[in-house]
Amino acid sequence: MNFKLDKSYKLCSHKVIEAVFEKRQGVKQYPIAMNYLEIALPTQKSLQFVFSVPKKRFKRAVDRNRIKRLLREAVRHTKWPLEEFLMQNQRQIAIFIVYLASEEMDYQTLLTKVDQLFQKLKHELEKKEPKL
RNA sequence: GGUGUAAAUCAAUUUAUCGCUGUUCCGUUUUAAUGGAAGAGAGGAAAGUCUGGGCAGUAUAGAGCACCGUACUUCCUAACGGGAAGGUCGUUGAUGUGUGAAUGUCAACGAACAGAUAGUGCCGCAGAAAGGAAAACUACCAUGAUCUAGACGCUGUCUUGUCAUGGAAAAGGUGAAAAGGUGAGGUAAGAGCUCACCGUACCGGUGGUGACAUCGGUUGCAAGGUAAACCUUACGGACUGAAAGAUCAUGUAUACCAAGAAUUAAGGGCUGCUCGCUCUUUUCGCUUGCGAGACUUGGAGGGUAGAUCGAUAGAUGCUGACGGUGACGUCAGUACUAGAUAAAUGAUAAAUAGAUGUGGAAACACGGAAACAGGACCCGGCUUACGGUUUAUGCCUAUU
RNA sequence: UGGCCUAUGGUGUAACUGGCAACACGUCGGUUUUUGGUACCGAAGAGUCUAGGUUCGAGCCCUAGUGGGCCAA
């Protein structure tokens, strides 16, 4: 089980991010939305993430940073089943995570939500496999 | 005890597990990945972007105007619109002196605090009049007239009214503001008309680096407010902004450079037309001034996306001595690796300690890191947000 | 990151050089109509984003803050 989440998991390429939003594939579980796309990434990792908290809802940088840190912590603990599944099948996906709520939530609820989302995502990817 | 002001100071600590971003060291292999260890990792405002610099690039012979900024004095500083000390003025409180107008002392707080006889503008409504020493509503005084009414001592006199001419600028009302103030003399009534005192202006002496202070004198007091209205004076200011800029890699326009050649081109004017003469063009606010020019050949390389540098040891902090009223300066010692890039400091569990608060007579119990807030080239300030602790001090209240 | 603009009834805009905050639409009441609309008559509704300052007087001038918007890659 890999609990690491270092720089190589960070999605930076403008082109890939734009592509993710053009496809509009996503799973949602309040207060989090994940847009994803299966695409060849310039890394050996099978996953890359963007964490986003809108400035319109959270005016202060302190609040945005705090929520992003909590999300990153939750993802770090729950991503391993999905990552192993992708590694076995030699697939790569980019994920754009957006925080939708306008209030800060505690770590435990975020952890369960993120876990549920990754399970959903895994199901959808399993369904799609035959097409490829 | 309450409340205000000023200054100083803190912005939790420890352990375990799982992680994040740099640095150093030791390994592994496919040399760009990966494993391990050590040590480092947000603020007093990191914020607002209001300012001053460093740094970088571009521009610039010089001068004037325009534009922008600053504005009591002296000093500090790399510099400042910042700071220190001082001056003046104002407000409030306390307390004196004087018949009064005024004025002294103490304390706290505040001041965008140069110039209003350089000029221009504005001052609504109200009011006679709002800036020209002007005006005359009520009221005042004098002289004349007699159409009014009344009294008496009745050919007249007096009082009152009305009208006319003149005096005066005191009183009233208006207004934010009405042209020195108080007291006395003076006068037909009045008036700095005169006098004393007060205020103010000017001149001179003394003290101070200076703003100013103080003393004395004077044919002055006739000319308000507004410069956060235009403006005047003095001083200062080139522009851009790390997304600056440099290097690497990629490899192409005619902006750039050099040489050659040429004195040409476009538009306007003079003329019926051509030639010719003459003016303008450009330097990006304008003028003056100084320069340049179409074309050909050669050189040199633009944009997009990316990497590295720029980029973290400095006008640095702390301690001590000396100089200075102080801001601050000098010397000595000592300490200090944040450096990310859609952007690192987190999560979980426990312990220590723990303000306000709640209950209680007290002991104590409960409760629980909590306010404002997250670097983005770096420093000096200012402003704004905000929790606690300590010290000093003004005012109010209570007790002794 | 740097620069600039703006805020006025419920909505959209005025208010010139500082001097009683105006207009349209909408809202409400009435008249007309069998009823509704149209039309006509009338009324209410801001004290100018917030806090200070300058001034006799501030929507306007100055300072600080808050919200909204725009430009530069």
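The sequence lines fix the lettering, A, B, ..., with proteins before strands; numbering per chain opens at 1.
With B:G346, B:U345, B:G374 as the candidates, the nucleotide lying closest to the side chain of A:Asn65 is B:G374. The listed nucleotides are B:A343, B:A347, B:G346; the one nearest the side chain of A:Arg76 is B:G346.
Remark: the separation of the C1' atoms in B:A47 and B:G36 is 42 Å, to the nearest Å. For B:G192 and B:G90, the P atoms lie 26 Å apart once the distance is rounded to whole Å. Comparing B:A355 with B:C113, their C1' atoms sit 46 Å apart, to the nearest whole Å. Separation of the C1' atoms belonging to B:U264 and B:A243 is 45 Å when rounded to the nearest angstrom. Atom name P, nucleotides B:U296 and B:G268: the rounded distance is 27 Å, in whole Å. Taking atom P in both C:G68 and C:C28, the straight-line distance is 32 Å, to the nearest Å. Spacing of P atoms, B:U3 relative to B:G41, comes out at 41 Å, to the nearest Å. A distance of about 26 Å separates the C1' atoms of B:G144 and B:A191, rounded to the whole Å.
Checking B:C331 for Watson-Crick or G-U wobble geometry (two distances, each under 3.5 Å) identifies B:G320 as its partner. Base pairing annotation: B:G375 forms no Watson-Crick or G-U wobble pair, as no partner gives both donor-acceptor distances under 3.5 Å. Partner assigned to B:G354 is none, using Watson-Crick or G-U wobble distances below 3.5 angstrom. Remark: B:A169 base-pairs with no nucleotide in the shown strands. Criterion, Watson-Crick or G-U wobble with two distances under 3.5 Å. Base pairing of C:A72: its partner is C:U1, meeting the Watson-Crick or G-U wobble criterion (both donor-acceptor distances under 3.5 Å).
The base of B:C20 does not come close enough to the side chain of A:Arg69 for any donor and acceptor atom to sit less than 3.5 Å apart.
The side-chain contact (heavy atoms from CB on, under 4.5 Å) test with A:Lys122 is passed by exactly one of A:Leu117, A:Leu86, A:Leu82: A:Leu82.
Nucleic acid contact for A:Leu70: sugar-phosphate only, since backbone atoms but no base atoms lie under 4.0 Å from a heavy atom of the residue.
A donor-acceptor pair under 3.5 Å is formed between the side chain of A:Lys120 and the backbone N or O of A:Lys28.
Annotated as syn: B:G44, whose glycosidic dihedral is within 90° of 0.
For A:Glu73 and A:Phe51, each mapped to the nucleotide of RNA chain B holding its nearest heavy atom, the one lying further toward the 5' end belongs to A:Phe51.
How far CD of A:Gln116 is from CG of A:Leu111: 10.5 Å, rounded to the nearest 0.5 Å.
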